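First the structure, in the form of structure tokens, and then the observations on it.
Treat the numbers as computed from the prediction; the structure is a model and nothing was measured. When a ligand or atom number is given, it counts from 1 through the structure's own listing order. For the numbers below, each heavy atom of this structure counts, side chains included, while hydrogens, waters and symmetry mates do not.
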Amino acid sequence: MVVTRFAPSPNGPLHVGHALSAITAHDLARDAGGRFLLRIEDIDGARSRPELADSFRADLEWLGLEWEEVPAQSTRLAEYEAAAERLKSEGLLYPCRCTRTDIKAVATEFGPEGPIYPGTCKEQKIDHSKPVAWRLDVWRAVAFVGLLEWADASAGMQIATPKQLGDVVVMRKDAPASYHLAATIDDAADSVTLVTRGQDLFAATHIHRLLQALLDLPVPKWHHHPLLLDETGKKLAKRRGSPSLADLREQGVDGAKIASDIRSSSFPIGMSLAKD
Ligand code: GLU
């Protein structure tokens with residue numbers, strides 16, 4: 001059974017790039033007689049605007065998609081916490097009180113997601129009676145589980161190389177999980193068999209594969225689709241003027257027509273698929 005999902009964060013409105021992602025996941029499931037899930041990833045603290053979730057549902061309906069909705073991340077905090085506690089008890093997490101600015105100031109290496117955490121707090125006795133973030137000791141974790149592989153629908157078999165992201169945050173200062181931990185646990189809890197999302201999250205998959213091994217979770221397959229770019233060659237973003245689906249909907253644009261254009265790769269003027 002093929003189970004795919006679309007997992008938007010209600011931090012801002014959806015745009016045509018999200019529509020591409022949702023349609024890709026939807027069609028992969030539909031064509032295989034499987035299930036297409038919607039999961040709202042709403043644990044971004046102050047950035048999260050739960051009221052946007054209704055607008056997301058209206059967008060998907062307007063595009064003509066059918067889905068099953070699974071529990072939002074905010075309902076699963078206890079599960080994330082239990083998983084993080086397990087990793088802590090295995091000595092795989094360490095507390096960190098560095099801010100983004102601290103890290104930028106001292107980082108010497110850069111990975112696919114920006115500066116690599118230089119391990120400042122790793123050997124220190126950090127007081128964790130106050131709120132701190134918890135990082136995965138990736139080197140130790142890799143030594144613990146050994147060599148891992150994962151499969152991407154286009155790129156084929158990959159040897160997991162999670163060290164390229166460094167010691168990522170697993171438990172945030174303000175939430176019991178980071179995106180990496182929450183999404184990994186959810187995909188297992190939701191029985192997702194084909195994790196479909198944009199190419200920008202390809203590197204994150206190396207960490208997710210590692211977390212699956214550490215937490216004894218089933219291993220799905222992945223489908224990272226090319227991103228939709230604007231006329232400046234950048235990822236679509238509301239702040240750069242990419243129209244939101246809600247705007248198009250309110251202007252009376254036909255959602256079914258937009259969906260069929262996306263399916264035949266004829267994107268709105270100025271938009272094109274990234275080459276890799
Ligand atoms: N919530 C993430 C986003 O909106 C997507 C995560 C995923 O598909 O794994 O970018």
Side-chain angles (χ1 to χ4, degrees), residues 2-29 35-50 52-53 55-57 59-60 65 67-77 80 112-114 150 152-154 158 162 165 168-170 172 175 177-212 217-229 234-240 242 244-246 274:
V2 172
V3 183
T4 64
R5 84 318 188 257
F6 175 55
S9 303
N11 300 343
L14 302 184
H15 49 59
V16 183
H18 292 107
L20 168 75
S21 205
I23 290 169
T24 305
H26 170 274
D27 290 3
L28 283 166
R35 298 166 60 209
F36 167 60
L37 313 178
L38 169 67
R39 180 174 73 230
I40 304 294
E41 301 210 321
D42 56 350
I43 54 165
D44 267 348
R47 291 177 63 213
S48 212
R49 290 158 49 202
L52 281 176
S55 171
F56 293 180
R57 293 180 194 104
D59 292 338
L60 297 187
L65 305 186
W67 68 92
E68 279 173 59
E69 187 158 348
V70 290
Q73 289 191 325
S74 54
T75 66
R76 288 199 171 136
L77 302 185
Y80 307 148
E113 294 190 346
W150 57 274
D152 176 75
S154 324
Q158 306 289 311
L165 283 106
V168 294
V169 170
V170 161
R172 286 171 20 178
S178 65
Y179 156 66
H180 297 304
L181 183 66
T184 303
I185 290 178
D186 289 343
D187 284 334
D190 298 334
S191 307
V192 172
T193 61
L194 183 61
V195 176
T196 304
R197 59 184 174 211
Q199 186 68 22
D200 52 338
L201 289 166
F202 193 93
T205 301
H206 292 285
I207 288 287
H208 298 187
R209 180 67 191 89
L210 175 59
L211 288 170
Q212 284 157 358
L217 299 175
V219 182
K221 291 201 169 67
W222 282 264
H223 177 103
H224 294 94
H225 61 76
L227 294 182
L228 203 50
L229 306 180
K234 295 215 171 86
K235 228 174 101 168
L236 299 188
K238 178 82 177 153
R239 67 177 183 286
R240 279 195 292 276
S242 311
S244 70
L245 300 183

- Task: Taking Thr196 for its side chain and Ala25 for its backbone only, find out whether a donor-acceptor pair lies under 3.5 Å.
- Result: no

- Does His206 use its side chain to pair, donor to acceptor, with the backbone of Ala203 at less than 3.5 Å? no

- Query: Heavy atoms of the protein only: does one fall short of 4.0 Å from atom 10 (O) of ligand 1?
  - Reply: no

- Message: Do Tyr179 and Leu201 have side chains that approach each other closer than 4.5 Å (heavy atoms only, starting at C-beta)?
- Response: yes

- Atoms of ligand 1 less than 4.0 Å from Glu41 heavy atoms? 1 (N), 2 (C), 5 (C), 6 (C)

- Message: Please enumerate all residues that pass side-chain contact (heavy atoms from CB on, under 4.5 Å) together with Val16, with sequence neighbours excluded.
- Response: Leu228, Leu236, Leu245, Leu248, Ile262, Pro268, Met271

Which protein heavy atom lies closest to [atom], and at what distance to 0.1 Å?
{"atom": "atom 5 (C) of ligand 1", "answer": "Ala7 O, 3.3 Å"}
{"atom": "atom 3 (C) of ligand 1", "answer": "Ser9 OG, 3.7 Å"}
{"atom": "atom 8 (O) of ligand 1", "answer": "Arg5 NH1, 2.8 Å"}

- So does Asp200 pair up with Lys235, basic N to acidic O under 4.0 Å? yes

- Query: Who's closest to atom 6 (C) of ligand 1 heavy-atom-wise, of Trp222, Phe6, Tyr179?
  - Reply: Tyr179

- For Arg57, does the CZ atom have more than 12 heavy-atom neighbours from other residues, nucleotides or ligands under 6.0 Å away? yes

- Geometric N/O contact Ala183 with ligand 1, under 3.5 angstrom: no

- Message: For the 3.5 Å polar cut-off, considering only N or O atoms, please tell me whether Thr196 and ligand 1 meet it.
- Response: no

